[in-house]
Amino acid sequence: MDDPKAAPLPPPRPPLEKLAQKRPRATDHLSITIGPAMIILFDVVVPIIIYYSWYNARVRQRSRECRRQNQPIRPCSIPQIEYDDEILGYAVISFGFGELYILVVRVVRLLRYRELCAPLLSRSKWELDATSWVYGVSMICALIPFVVGSTLEIPKLYLYSPGFLMAFLGCVMLISICPITLPIGINSHARGSAMRPFIYYAAEDFIAVDGLQDREFRVRYNTRYDNSKAFRRMFTYLTWWWIAGVVIYLGCLSAVIWKLHFHYAFGLSLGVLFAYLTIWALASYYFVMWSMHREKMAWERGISA
């Protein structure tokens, strides 16, 4: 029998609010849904088809010329040409098309549905969001090795295009970790507020715009960050994780480019990029799931995570 003099139990805490509450269908914004397929197609499949179709044609042409001169193919004195500026240019353009498609699609949605999905402090539709601007600048950075490689005739620089893109993002990530105040407003945060980790801004924008969760998500997301130490710590760890990934990726990419023949390095450099992105994305996903579950359990028990 309950003791009538016992102190009443505190009321149970309300459940932790779910951040992404909408359940959009794949057909709600088909152009965004096919974005990952477009990236794989134009960043991997098409460049490989362009380059290796040309390269295999040159190998066959060299073999015919060697036989015509009655030379054995292996020690044939005719040099094997591994690259061509025009062909590499087409491959790099294809690589950029996949990225450009994603950028254009999300910018169109931000312009057409500003009141629905734009950052909370957005005053003009042309402000877009932080991810769009960073994404655009990173694509320009990817053109640097293409231009320099063409001018100085250094074909290996062509293969650094995705490396320059990732290096720029890595620098932005590193700056975002520093305890500095914002010189300008970024997304839902006014000028003078503390800068938040890069992955925080990227996740907010991609989930709100590309994930069709819109401004309601931005409100809940910002509130959770302000009120949850565990949530803030998660984004700090994620940003450091991706910074380490950029460093490892650039090291692997450089080893592939400078240690292998060009025709091997071309395909393997793309493989290294997508292997890196796949591994880091999967690890990030499971870490986020674990962190969010841990935060939920701590919330329900009334303790600090």
Side-chain angles (χ1 to χ4, degrees), residues 17-22 24 29 31-32 35 99-141 165-166 168-243 246 281 284-285 288 291-292 295:
E17 187 177 22
K18 186 178 180 180
L19 294 177
Q21 297 182 1
K22 293 184 176 181
H29 205 308
S31 56
I32 288 180
E99 314 299 329
L100 183 62
Y101 173 84
I102 293 293
L103 179 61
V104 170
V105 166
R106 70 187 322 275
V107 166
V108 167
R109 185 164 194 266
L110 280 165
L111 293 177
R112 291 183 62 186
Y113 305 106
R114 172 179 169 269
E115 297 298 329
L116 191 64
C117 63
L120 300 180
L121 298 184
S122 176
R123 294 163 298 180
S124 166
K125 65 180 182 179
W126 299 108
E127 289 182 1
L128 303 178
D129 59 12
T131 297
S132 295
W133 291 107
V134 171
Y135 202 32
V137 174
S138 67
M139 290 183 61
I140 295 174
C141 290
L165 186 152
M166 295 306 305
F168 169 76
L169 294 180
C171 291
V172 177
M173 292 180 204
L174 196 58
I175 293 172
S176 73
I177 292 293
C178 300
I180 60 177
T181 56
L182 294 174
I184 58 173
I186 295 181
N187 278 3
S188 305
H189 311 106
R191 180 176 61 183
S193 57
M195 178 175 282
R196 299 182 177 185
F198 176 91
I199 300 300
Y200 170 87
Y201 295 113
E204 176 186 349
D205 290 338
F206 273 113
I207 296 174
V209 179
D210 305 72
L212 309 181
Q213 294 298 322
D214 302 327
R215 277 189 164 183
E216 296 87 348
F217 166 80
R218 293 185 187 271
V219 173
R220 293 188 293 269
Y221 187 76
N222 279 274
T223 302
R224 176 76 64 85
Y225 189 90
D226 291 334
N227 297 331
S228 173
K229 182 179 178 180
F231 201 64
R232 294 192 296 271
R233 186 169 57 239
M234 179 184 72
F235 284 107
T236 300
Y237 289 162
L238 282 172
T239 302
W240 278 116
W241 167 245
W242 281 91
I243 290 172
V246 170
S284 298
Y285 172 79
V288 168
S291 298
M292 298 287 282
E295 181 190 19

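We count residues from 1, following the sequence as given.
In this structure the side chain of M292 reaches within 4.5 angstrom of the side chain of F231, judged on heavy atoms. At a threshold of 4.5 Å between non-hydrogen side-chain atoms, the residues I207 and L19 do not count as touching. Under the 4.5 Å side-chain criterion, counting only non-hydrogen atoms from C-beta, W240 is not in contact with P197. R196 has its side chain within reach of N222: a pair of non-hydrogen atoms, C-beta onward, lies under 4.5 Å apart. Here the side chains of Y200 and H189 are in contact, with some heavy-atom distance below 4.5 Å. Contact check for I177 versus F198: no side-chain heavy atoms found under the 4.5 Å cut-off. Counting only heavy atoms from C-beta outward, the side chains of E216 and K22 approach each other to under 4.5 Å.
Figure legend: cation-pi geometry between R215 and Y113 absent, as NZ or CZ is not positioned both under 6.0 Å from the six-membered ring centre and within 45° of its axis.
Within 6.0 Å of atom OH in Y225, more than 12 heavy atoms from other residues, nucleotides or ligands are found, so the atom counts as buried in its surroundings.
We find that R218 and D205 are joined by a salt bridge, their nearest charged nitrogen and carboxylate oxygen being less than 4.0 Å apart.
Screening Y221, W242, W241 for a ring pair (Phe, Tyr, Trp, His ring centres under 6.0 Å) involving F235 leaves a single residue, Y221. Checked against S132 for a side-chain contact (heavy atoms from CB on, under 4.5 Å), the options V209, V137, L103, V104 give a single hit: L103.
Heavy-atom minimum distance, G211 versus P24: O-CG, 3.6 Å.
Without hydrogens or angle criteria, Q213 side chain to Q21 main chain gives a donor-acceptor distance under 3.5 Å. A donor-acceptor pair under 3.5 Å is absent between the side-chain atoms of R109 and the main chain of H29, judged by distance alone. Judged purely by atom type and a 3.5 angstrom limit, S291 has no side-chain atom pairing as donor or acceptor with the backbone of V288.
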Intermediate values then yes/no, side chain to side chain contact (heavy atoms under 4.5 Å, CB included), L128 and V107: CA-CA 7 Å; L128 303 178; V107 166; 4.0 Å; yes
